[in-house]
Number of protein chains: 2
Amino acid sequence: MSISSRFSVGIHILALIEINKNGTSTSEFLAGSVNTNPAVIRKIIGMLKGAGLVKVQPGIAGAELAKNLSDITLFDVYKAVNVVQEKELFSVHDNPNPDCPVGRNIQAAIVPVFEAAQKALEKSLGNVSVENVVDDIIKKENIS
Amino acid sequence: MSISSRFSVGIHILALIEINKNGTSTSEFLAGSVNTNPAVIRKIIGMLKGAGLVKVQPGIAGAELAKNLSDITLFDVYKAVNVVQEKELFSVHDNPNPDCPVGRNIQAAIVPVFEAAQKALEKSLGNVSVENVVDDIIKKENIS
DNA sequence: TTACATGTAACTATCATAGTTACAACTAGA
DNA sequence: TCTAGTTGTAACTATGATAGTTACATGTAA
């Protein structure tokens, strides 16, 4: 199991729009950097747009940021690209046997623990902004 | 995306072996409570055995705990049933364009953040033992 | 009107999951 | 020793998500 790379691609897109802010970030341009198909990029950009993170218009070339990057956390991107449903990072087997004490209580016993773990993950993602990622990229770029 | 229910089934199995400790926990018995196929249970028990959590022998009916339940955390079970590879909860798109500053640095910039988030998740699972889950089941059972 | 971009649908290939069946290997007891 | 019952595993199927591809309708601006 692995969380979809839509998430990392989403971050890549936002970072590149910022770094290319003096140019025009078309889906083809972005696809060239991510190394995938422009249609894939457009699908993800559509999700970012739906979450209010970018601005795009049909017929007009280029995507722009809709917010300051310091106000976009990785958690925002994660939610935007819909890689994990709320409270559903862990799946629980359904229809356990209600005639067994464990079967009839296991879900209620486990779900809160799973939710806490998911929350811990998401909180961690919320501590990092896309701006932090961009700064890191710039730093690495200047060093090498 | 969702983490395999092997995890919740693994917890279910351990809890039921404990609660049924005066009886014999065959794969068929366990399958009846989980509500699945005995072969599925045997496969998962094999993983739990590989991690040193249970004792089972070919030809001999019943699985037993190999450790005190208070010494088995949910993180131990999670590792045992192999639902998430180390450092690979998040997948990162590969082959980004090395001719682009973002393309050539995005992986190095993102991976540590992803690893930290995964660690936060796993730490949270490490705070709960299977015994805690069993206690919760017993408590719920007595109340209702 | 033309050239070019976005938005989206339809389709494919690939992979993991979960379940199913079948059977070899093994144990204990009659 | 034979038999019944159990574990361990392999092979197969169905399902669903992912990621990519192609194609085209829609929209904009020069």
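Only a predicted model underlies this, so the values are computations on that prediction, with no experimental measurement involved. Each chain gets a letter, A, B and so on, in the order its sequence line appears, and its residues count up from 1.
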If the cut-off is 4.0 Å, is [X] near the phosphate of [N], judged by side-chain N/O to OP1 or OP2?
{"X": "B/Ser4", "N": "C/dA18", "value": "yes"}
{"X": "B/Lys43", "N": "D/dT7", "value": "no"}
{"X": "B/Thr26", "N": "D/dT6", "value": "no"}
{"X": "A/Ser5", "N": "D/dA19", "value": "yes"}
{"X": "A/Arg42", "N": "C/dA5", "value": "no"}

Whether A/Ser27 side chain and A/Ile41 backbone form a donor-acceptor pair below 3.5 Å: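 The answer is no, because no donor-acceptor pair under 3.5 Å joins these two groups.
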Measure from the side-chain N and O atoms of B/Arg6 to the backbone N and O of B/Ile44, and report whether any donor-acceptor pair falls under 3.5 Å.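 Judged by distance alone, no pair lies under 3.5 Å.
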Measure the distance from [atom1] on [X] to [atom2] on [N] and round it to the nearest whole Å.
{"X": "A/Glu88", "N": "D/dG16", "atom1": "CD", "atom2": "P", "result": "15 Å"}
{"X": "A/Lys55", "N": "D/dG27", "atom1": "NZ", "atom2": "P", "result": "21 Å"}
{"X": "B/Lys49", "N": "D/dT7", "atom1": "NZ", "atom2": "C1'", "result": "9 Å"}
{"X": "A/Glu28", "N": "D/dT22", "atom1": "CD", "atom2": "P", "result": "13 Å"}
{"X": "B/Gln85", "N": "C/dC15", "atom1": "CD", "atom2": "C1'", "result": "14 Å"}

Nearest to the A/Ile60 side chain among D/dG27, D/dT21, D/dA29, which nucleotide is it?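 Among the listed nucleotides, the one closest to the side chain of A/Ile60 is D/dA29.
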A/Glu28 atom CD, neighbour heavy-atom count above 12 within 6.0 Å: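 At most 12 heavy atoms, drawn from other residues, nucleotides or ligands, come within 6.0 Å of this atom.
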About how many Å separate CZ of B/Arg104 and CG of B/Asn97, when rounded to the nearest 0.5 Å?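 That separation rounds to 9.0 Å.
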So what does A/Ser2 hit on the nucleic acid, given a heavy-atom distance under 4.0 Å: a base, only sugar-phosphate, or nothing?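 No contact.
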Base, sugar-phosphate alone, or nothing: which one does B/Ala63 contact when heavy atoms must sit under 4.0 Å apart?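 Contact class for B/Ala63: none.
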Nearest-nucleotide 5' precedence on DNA chain C, B/Val40 against B/Asn82: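 It is B/Asn82, whose closest nucleotide lies nearer the 5' terminus.
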